[in-house]
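Taking it in order: structure first as structure tokens, then the write-up.
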Amino acid sequence: MLTMSMLCFGAMAQNNMTYEDESVIGDAYASNGDTARVIIRCHDSMPLTFSSRVDGGPVEPFRVTKEGSYNLYDFHFPTDSYDDELRLLSRRVLVVFAKDHNNLEIKLPLVSKQCVKLRIWDPDDNKLNSPYIRFRNEAFEEYKNMNYQKARQLFVQAGSMSDADQAEAVKNVNMVDSVIYFRQLADKAFEEAKFMDAYKYYNNVLSLNNDDSYALDKKQESTNHYRSICDIAYQKAEYLFSEKQYEEARAQYQIMVDEKCYENFPIYSTVEGRLNFIDDIIKSRKSHATVITYEWRKDTPLGLHIGKYKDHKWGGFFQFDLNTKIFEMSRSNAKFGDKPEANISFGWTVKLVKPLWLFFGPGATAKMYHGMFADGKYPGDDYAADKLEKYKKDYLDPKELSSEDYLKKVNSSFAISPVIGFLVKYSYFAVRVTYQYRFSLKKELEDFMGKSYLSFGVGLAF
């Protein structure tokens with residue numbers, strides 16, 4: 001009898017649990033496969049554990065979070081199926097365990113992408129049925145349904161109860177105040193077409209209440225508007241850039257910078273590079289950095305130079321010179337004494353002090369001469385048409401003098417020709433002086449090639 005009494009007492013000591021469905025029409029779970037989501041809310045004074053007959057024993061939530069004094073148990077479950085008569089096969093029964101409570105069994109017929117929200121509580125728990133808890137729970141219901149002003153009133157009212165948890169009450173009021181504040185900022189930003197800011201503020205709202213469907217919709221709208229602004233600006237900017245309308249293109253790229261498009265969408269990663277390129281061109285135009293000059297040098301009076309002479313950065317230049325004998329040689333009209341010559345050079349430019357720039361760089365020279373020379377014989381600086389008889393005697397190959405073509409043979413000589421010089425630039429005008437030194441690749445041709453030359457240039461800066 002004593003044993004039976006103790007067993008009955010133990011059975012009577014167990015409390016019951018009950019639950020209600022808090023799901024809202026429109027709740028859904030965005031999943032890739034055939035899965036559903038179940039969220040169970042229960043006061044943290046009653047920790048829960050779970051098992052499922054279908055899933056083969058104990059099941060663990062993939063996440064447990066806090067909402068005030070409540071625990072939120074978050075589950076992902078495979079969904080159920082339908083039989084041939086389209087009847088749902090309700091196979092899953094979730095068994096809920098809590099200390100000093102009878103087990104609670106919940107049937108869960110789930111379909112793909114469904115989101116089920118349940119609240120579990122002890123109906124006989126006086127603490128949970130206290131005035132503070134009642135008002136607080138009502139406040140959370142209003143909060144979940146986006147009735148924030150009403151929720152705030154109830155949170156404040158809950159905090160005024162004699163059994164209130166003051167720290168929690170203050171935290172809840174601050175939470176709903178934050179949602180109201182971010183909602184107002186988001187709506188204002190959206191009305192002013194500041195869609196990136198609106199997106200961030202609506203995201204803040206959702207971080208505090210992920211059931212706020214209004215904020216979710218407006219966040220998506222903000223994203224669409226924001227992306228549209230970026231797309232339009234990018235297309236205009238790229239077209240203007242391709243047409244070399246750099247000022248107009250820069251204005252469109254600047255819109256993307258102001259909207260932070262390229263920071264949030266990787267497709268626009270070229271924007272920063274484009275702006276740097278355009279700024280460089282605009283500065284170059286304002287400072288007339290591009291210089292083109294006509295160059296004159298002894299023996300090569302036809303010369304052209306183009307270069308960048310920037311105010312704050314290094315630039316580069318390219319120059320070539322030649323004489324008219326090159327054209328005669330190409331038509332086979334050149335004759336003994338002619339010296340077809342061409343020079344090419346390139347290098348770097350840097351400002352010394354306005355309006356003076358320094359330039360320097362490597363170069364090369366090609367210089368030709370005619371005649372069948374004897375072995376070890378090369379022309380000197382006296383190579384000229386009036387010296388033909390002397391060259392026949394002292395330089396040309398005597399075995400070839402009887403040939404009709406002994407003077408038509410073209411011989412080449414080459415030199416490495418570094419240059420250095422100065423440019424003076426004022427407004428749209430520029431003058432240039434260049435010193436060229438020549439290292440002949442054949443020592444015997446040093447006199448023929450010459451060792452150093454000066455050239456002079458004049459032209460435009462724009």
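We count residues from 1, following the sequence as given. Keep in mind it's a predicted model, so treat the numbers as computed, not measured.
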For [X] against [Y], the heavy-atom pair lying closest together:
X: P61; Y: V64; value: CG-CG2, 3.6 Å
X: F140; Y: N172; value: CZ-OD1, 3.8 Å
X: Q252; Y: A237; value: CB-CB, 3.5 Å
X: I120; Y: C42; value: O-SG, 3.4 Å
X: A198; Y: A186; value: CB-O, 3.7 Å
X: P379; Y: L445; value: CD-CD2, 3.8 Å

Surrounding [atom1] of [X] (heavy atoms of other residues, nucleotides or ligands, distance under 6.0 Å), is the total greater than 12?
X: Y214; atom1: OH; value: yes
X: I416; atom1: CD1; value: no
X: F318; atom1: CZ; value: yes
X: Y426; atom1: OH; value: no
X: K325; atom1: NZ; value: no
X: E60; atom1: CD; value: no
X: Y428; atom1: OH; value: no

With side chains defined as the heavy atoms from C-beta onward, is the minimum distance between [X] and [Y] less than 4.5 Å?
X: L118; Y: L108; value: yes
X: L407; Y: K335; value: no
X: N276; Y: E272; value: yes
X: R136; Y: D165; value: no
X: F422; Y: W357; value: no
X: K244; Y: Y246; value: yes
X: T290; Y: K308; value: yes
X: T349; Y: V291; value: no

Does any N or O in the side chain of [X] come within less than 3.5 Å of the main-chain N or O of [Y], such that one atom is a donor and the other an acceptor?
X: Q166; Y: G159; value: yes
X: D21; Y: S23; value: yes
X: N323; Y: K339; value: yes
X: N145; Y: E141; value: yes
X: T79; Y: A36; value: no
X: D338; Y: P340; value: no
X: R438; Y: M449; value: yes
X: S413; Y: K367; value: yes
X: W296; Y: V458; value: no
X: S178; Y: N174; value: yes

* From the options R37, Q114, H76, K113, select the one residue that forms a side-chain hydrogen bond (donor to acceptor under 3.5 Å, both in side chains) with Y29. => H76

* Per the side-chain hydrogen bond (donor to acceptor under 3.5 Å, both in side chains) rule, which among E400, H370, K392 passes with Y406? -> K392

Taking atom [atom1] of [X] and atom [atom2] of [Y], what is their separation to the nearest 0.5 Å?
X: K219; Y: D217; atom1: NZ; atom2: CG; result: 11.5 Å
X: E446; Y: F448; atom1: CD; atom2: CZ; result: 13.5 Å
X: N204; Y: L185; atom1: CG; atom2: CG; result: 9.0 Å
X: S455; Y: Q319; atom1: OG; atom2: CD; result: 5.0 Å
X: I306; Y: F320; atom1: CD1; atom2: CZ; result: 10.5 Å
X: L72; Y: T65; atom1: CG; atom2: OG1; result: 4.0 Å

Would [X] pass as a cation-pi partner of [Y], given that its NZ or CZ must be under 6.0 Å from the six-membered ring centre and within 45 degrees of the axis?
X: K442; Y: Y378; answer: no
X: R183; Y: Y148; answer: no
X: R432; Y: F317; answer: yes
X: K298; Y: Y453; answer: no

Donor-acceptor side-chain pairing of [X] and [Y] below 3.5 angstrom:
X: Y201; Y: K194; value: no
X: Y226; Y: D197; value: no
X: N137; Y: Y70; value: yes
X: E238; Y: Y253; value: yes

* Worked verdict on D177 versus F155 for side chain to side chain contact (heavy atoms under 4.5 Å, CB included) -> CA-CA 11 Å; D177 282 344; F155 279 132; over 6 Å; no

* Take Y391 and D382 through the test side-chain hydrogen bond (donor to acceptor under 3.5 Å, both in side chains) and record every step on the way to the result. => CA-CA 10 Å; Y391 270 75; D382 62 345; 2.6 Å; yes

Any idea how [X] and [Y] line up, ring-wise: parallel (<30°), tilted (30 to 60°), or perpendicular (>60°)?
X: F360; Y: W348; value: tilted
X: F50; Y: F75; value: perpendicular
X: Y383; Y: F373; value: tilted

* To do: Please lay out, stage by stage, how E221 and Y202 fare under the test side chain to side chain contact (heavy atoms under 4.5 Å, CB included).
  => CA-CA 11 Å; E221 283 187 54; Y202 285 125; over 6 Å; no

* Given side chain to side chain contact (heavy atoms under 4.5 Å, CB included), test Q436 with T365 step by step and report yes or no. => CA-CA 10 Å; Q436 180 191 71; T365 298; 3.8 Å; yes

* **Residue pair T434, T293: steps toward the side chain to side chain contact (heavy atoms under 4.5 Å, CB included) verdict** => CA-CA 12 Å; T434 307; T293 57; over 6 Å; no

* In this structure, which one of L302, D321, N343 forms a side-chain contact (heavy atoms from CB on, under 4.5 Å) with E295? -> D321

* Asked: Is R250 salt-bridged to E247, going by a charged N under 4.0 Å from an acidic O?
  -> no

* To do: Answer yes or no: is there an ion pair linking E168 with K66, defined by an N-O contact shorter than 4.0 Å?
  => no

